[in-house]
Number of protein chains: 2
Amino acid sequence: MSVHTRTSPNSLTPVAQKFILHWGEMGTRWGINRTVAQVHALLFLSPQPLPADEIAETLAVARSNVSTSLRELQGWRIVRVVHVLGDRRDHFESIKDVWEIFRIVSEERKRREIDPTLRVLDECVQEIKANPQGDSYTRERLTDMLEFLTAMTGLFEEVIRMPAAALKGVLKLRGKVVTMLGKKAG
Amino acid sequence: MSVHTRTSPNSLTPVAQKFILHWGEMGTRWGINRTVAQVHALLFLSPQPLPADEIAETLAVARSNVSTSLRELQGWRIVRVVHVLGDRRDHFESIKDVWEIFRIVSEERKRREIDPTLRVLDECVQEIKANPQGDSYTRERLTDMLEFLTAMTGLFEEVIRMPAAALKGVLKLRGKVVTMLGKKAG
DNA sequence: CTCTCTATTCAGAAATTACCAAAACTACCG
DNA sequence: CGGTAGTTTTGGTAATTTCTGAATAGAGAG
């Protein structure tokens, strides 16, 4: 390391800053750690993969914090590590296709949040069937809920598996989707 | 108040208990206060509207906490106050239709979480257009994101406005929806 | 093998959030 | 007025989450 001070912090354009800060806030509302969301936003906007220390510098958070955040983002598979010739450091890049990001995050959230609920609901319904001690109202409510969630997630699974190209087509149908579905279903 | 101890806590069946506890846990993952979610679960399972003090007793939480939770649930419009003849206390009941609950909560979350993001994204794109200082990559990324979110919420709005009956039909189409949409969109 | 650069892990500090009890206040009613 | 309901606010504690700095581990160059 030279006697010079470190390279000045990677400055962000005002717009990039605004987006990253907002993304961080939205992250917290979505149960996602603010820093994790900010790191993702930064990588999403970056034309090149970035090394961890540069991310830490740019966002002004601890290096270790970045390490943890990157690990989590990799766990979600929306960020991956790449290598740059002549640089020993890991570099990270985000998926850029927004539909792909949405798909991956949705599936993961479903797996973590909906599936356990489906299991519990199913257990509840089983238990109440095996031992119906006058709580027929509870049974009715839980059965309703279970059926609804099962159907809803089934539909979700279908849509989420659509390739990006097909989705673009569907999105162009705006204003007609409900009519179409309504007719076929009616 | 008599010298007798208060009426014994409203006991819950094991199944009701299990569901309420789980719903509370899921609530926290969804950014919803645990108590709020538990109160909702209790009301959802209750055949009759319940007064606040009974809820507090059954869930073993502070009366003031129940008051706050009920207020929040009413804010979401999935719980409403009703009155029982001969009882001056407010009683509270939950909407029982699961599709209705889902619809209302989704719309509210969209309003609180997606709409602000759309605004910020739009502002960002405007600013970058007005002052394009070499960050064409940022512009591209943000435009992508904005278009995707706009299209997605448009579709969402359509689906969410479907009456419960129409939905049931669509849900029966499982396995065919994507095919249908694919054909029309292709 | 040692030195340097890099990445990860971990204990504790700091911040945030959840919850409660009590008090103050409104409102209604007999 | 006095009694019952209900809400809001406050002050405080407990629990959880987030973040950091220091320690640790690994990998490659010399």
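The chains referred to below are lettered A, B, ... by the order of the sequence lines, with proteins before strands, and numbering in each begins at 1.
The existence of a salt bridge linking A/R141 and A/D144 is confirmed by a sub-4.0 Å separation between a basic side-chain nitrogen and an acidic carboxylate oxygen.
Going from atom CZ of A/R63 over to atom P of D/dG21 covers 13 Å, rounded to whole Å. We find that NE2 of B/H91 is positioned 10 Å from P of D/dA5, with the value rounded to whole Å. Across the protein-nucleic acid pair, B/L70 atom CG and D/dG6 atom C1' stand 11 Å apart, rounded to whole Å. Rounded to an integer number of Å, the gap from A/H83 NE2 to C/dC5 C1' is 14 Å. Counting to the nearest Å, the P atom of C/dA18 and the CD atom of B/E72 are 9 Å from each other. The CG-P distance, from B/L73 to D/dT7, rounds to 12 Å in whole Å. A straight line from CG of B/D87 to P of C/dC29 spans 14 Å, rounded to a whole angstrom.
Among the heavy atoms of the strands lying under 4.0 Å from B/R71 are primed sugar atoms or P, OP1, OP2 only; no base atom is included. Residue-level contact check: B/A60 touches the backbone only, with heavy atoms under 4.0 Å from sugar-phosphate atoms and none from bases.
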Under 3.5 Å donor-acceptor pairs involving side-chain atoms of residues 60-70 of chain A, not counting sequence neighbours:
| residue | atom | partner | partner atom | Å |
| --- | --- | --- | --- | --- |
| A/T68 | OG1 | A/S64 | O | 3.0 |
| A/S69 | OG | A/N65 | O | 2.9 |

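Side chains of A/V39 and A/T35 form a contact here, defined as non-hydrogen atoms less than 4.5 Å apart. No side-chain heavy atom of A/I101 sits under 4.5 Å from any side-chain heavy atom of B/F148.
The base of D/dT4 sits with one of its N or O atoms less than 3.5 Å from a complementary donor or acceptor on the side chain of B/R88.
B/R112 contributes no side-chain N or O that, together with a main-chain N or O of A/R29, makes up a donor-acceptor pair within less than 3.5 Å.
Near DNA chain D, meaning a heavy atom under 4.0 Å away, the residues from residues 19-42 of chain A are A/N33, A/T35.
For A/N65 and B/S67, each mapped to the nucleotide of DNA chain D holding its nearest heavy atom, the one lying further toward the 5' end belongs to B/S67.
Closest approach of B/W99 and B/M162 over heavy atoms only: NE1-O, 3.4 Å.
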